[in-house]
Amino acid sequence: MKDVVAGVDIGGTNTIIGFVDAEGVIHAEGRLSTPEYAFADDFVIGLDTKLKEMIAGHPDLKLIGIGIGAPNANFNSGTIELAPNLRWKGIIPLVKITERRTGLKTRITNDANAAALGEMIFGAAKGVKDFIILTLGTGLGSGIVVDGEVVYGHTGFAGELGHMTMVEGGRVCGCGRRGCLETYASATGLVRTVLALLSDRRDESLLRELKGSEITSRRIAEAAAAGDIIAQEALDQTARMIALGIANSVIFSSPEVIYLFGGLAQAGDAIFVPVRKYADELVQPVFRGTFRVEPSGLPEAQAAILGASALIWKDAGI
């Protein structure tokens with residue numbers, strides 16, 4: 001019988017579940033509709049039912065724990081706190097509720113910290129004790145690992161590099177502040193940069209043929225590869241902001257590697273080449289040449305499940 005951990009990724013629309021073994025192999029997958037559950041207690045009942053259904057179909061597997069990645073999750077307290085995209089309001093003691101219902105050891109953290117753990121246990125960061133992962137999606141998440149441990153800080157919410165102020169009085173951020181890194185260095189930030197360039201400049205661009213809602217990071221990357229000047233300039237500006245965020249972050253934790261993950265990282269050399277160049281230019285000279293900027297080693301479609309499961313596998317010493 002093989003031991004597995006349930007990796008649970010709670011999203012605003014769907015909750016994805018996978019049974020992950022110590023080698024990072026996913027043996028079974030399932031899902032729940034997150035908004036279907038008005039209360040966290042009801043969600044946990046639904047999760048418990050789904051886990052029992054999945055394990056009944058795999059009698060060769062033994063479920064030993066549950067790792068959960070969720071928005072606004074606090075590893076220190078085992079809670080989800082004021083998550084804007086979930087129906088459950090307030091501070092939810094999800095670990096306590098889940099352990100009481102299932103009888104299984106449960107751990108929780110946010111998706112970016114889960115990505116860092118997944119990278120360390122199953123991805124490119126095996127054997128790397130000091131690194132940062134930047135998740136470049138709709139926003140910019142980050143996980144910081146120092147001496148083999150994820151940095152959570154006193155409150156449990158440390159390491160939100162996406163909310164470093166990069167431009168005082170700059171773009172409005174969903175957090176209520178202005179000029180945060182994620183408003184420039186994310187898929188959404190890239191689109192905002194393109195829209196600003198299209199408004200301010202007269203260059204011909206393939207992107208002018210699209211409605212605003214049709215302009216995505218993927219379409220921008222494709223246009224840049226086709227030689228589109230606006231798309232190339234937008235990617236360059238975005239890369240410089242990512243690099244500036246990296247240069248500022250290197251000062252406080254001196255990582256060996258910064259991993260880029262998520263949709264924007266799929267632009268490949270169009271992002272990695274300028275990010276590496278600008279990071280080398282912008283970083284304090286004493287740190288020049290001491291770190292690398294690399295792509296994540298996790299498959300994007302499975303990263304959330306692998307990262308969540310790594311919460312338990314790390315405790316098991318894997």
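These numbers were taken from a predicted model, which means no experiment stands behind them. Computed over heavy atoms, backbone and side chain alike; hydrogens, waters and symmetry mates excluded.
Atom CZ of Phe261 sits about 14.0 Å away from atom OG of Ser142, to the nearest 0.5 Å. Atom CG of Leu181 and atom CG of Asn248 lie 8.5 Å apart (nearest 0.5 Å). With rounding to the nearest 0.5 angstrom, the CD atom of Glu233 is 10.0 Å from the CG atom of Leu235. Taking CG of Leu51 as the reference point, atom CZ of Arg101 lies at 11.0 Å (rounded to 0.5 Å). In this structure, CE in Met166 is found 5.5 Å from CE in Met241, a value given to the nearest 0.5 Å. Leu140 contributes atom CG, which lies 8.5 Å from atom CE of Met164 (distance to the nearest 0.5 angstrom).
Side-chain contact annotation: Tyr152 with Asn74, donor-acceptor N/O pair under 3.5 Å absent. Between the side chains of Asp228 and Ser205, at least one donor-acceptor pair of N or O atoms lies under 3.5 Å. Side-chain contact check for Arg177 and Thr165: at least one donor-acceptor pair (N or O, by modelled atom type) lies under 3.5 Å.
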Quiz item: Which is it for Glu36 and Arg87 under the salt bridge (charged side-chain N to carboxylate O under 4.0 Å, His left out) test, yes or no, and what are the steps along the way?
Solution: CA-CA 9 Å; Glu36 183 179 324; Arg87 292 182 68 185; over 6 Å; no
Exercise. Assess whether salt bridge (charged side-chain N to carboxylate O under 4.0 Å, His left out) is satisfied between Lys52 and Asp48, documenting all intermediate values.
Key: CA-CA 6 Å; Lys52 287 174 178 173; Asp48 184 43; 3.2 Å; yes
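The existence of a salt bridge linking Arg171 and Glu182 is excluded, since no basic side-chain nitrogen approaches an acidic carboxylate oxygen closer than 4.0 Å. At a threshold of 4.0 Å, the pair Asp280-Arg276 does not count as salt-bridged, since none of the basic side-chain nitrogens sits closer than that to a carboxylate oxygen. A salt bridge is defined here as a Lys NZ or Arg NE, NH1 or NH2 lying under 4.0 Å from an Asp or Glu carboxylate O, and Lys277 with Glu281 meets this definition.
Of the possible donor and acceptor atoms, none in the side chain of Glu256 sits under 3.5 Å from a partner among the backbone N and O of Phe131. Checked by atom type and distance alone, the side chain of Thr183 never pairs as donor or acceptor with a backbone atom of Gly179 at under 3.5 Å.
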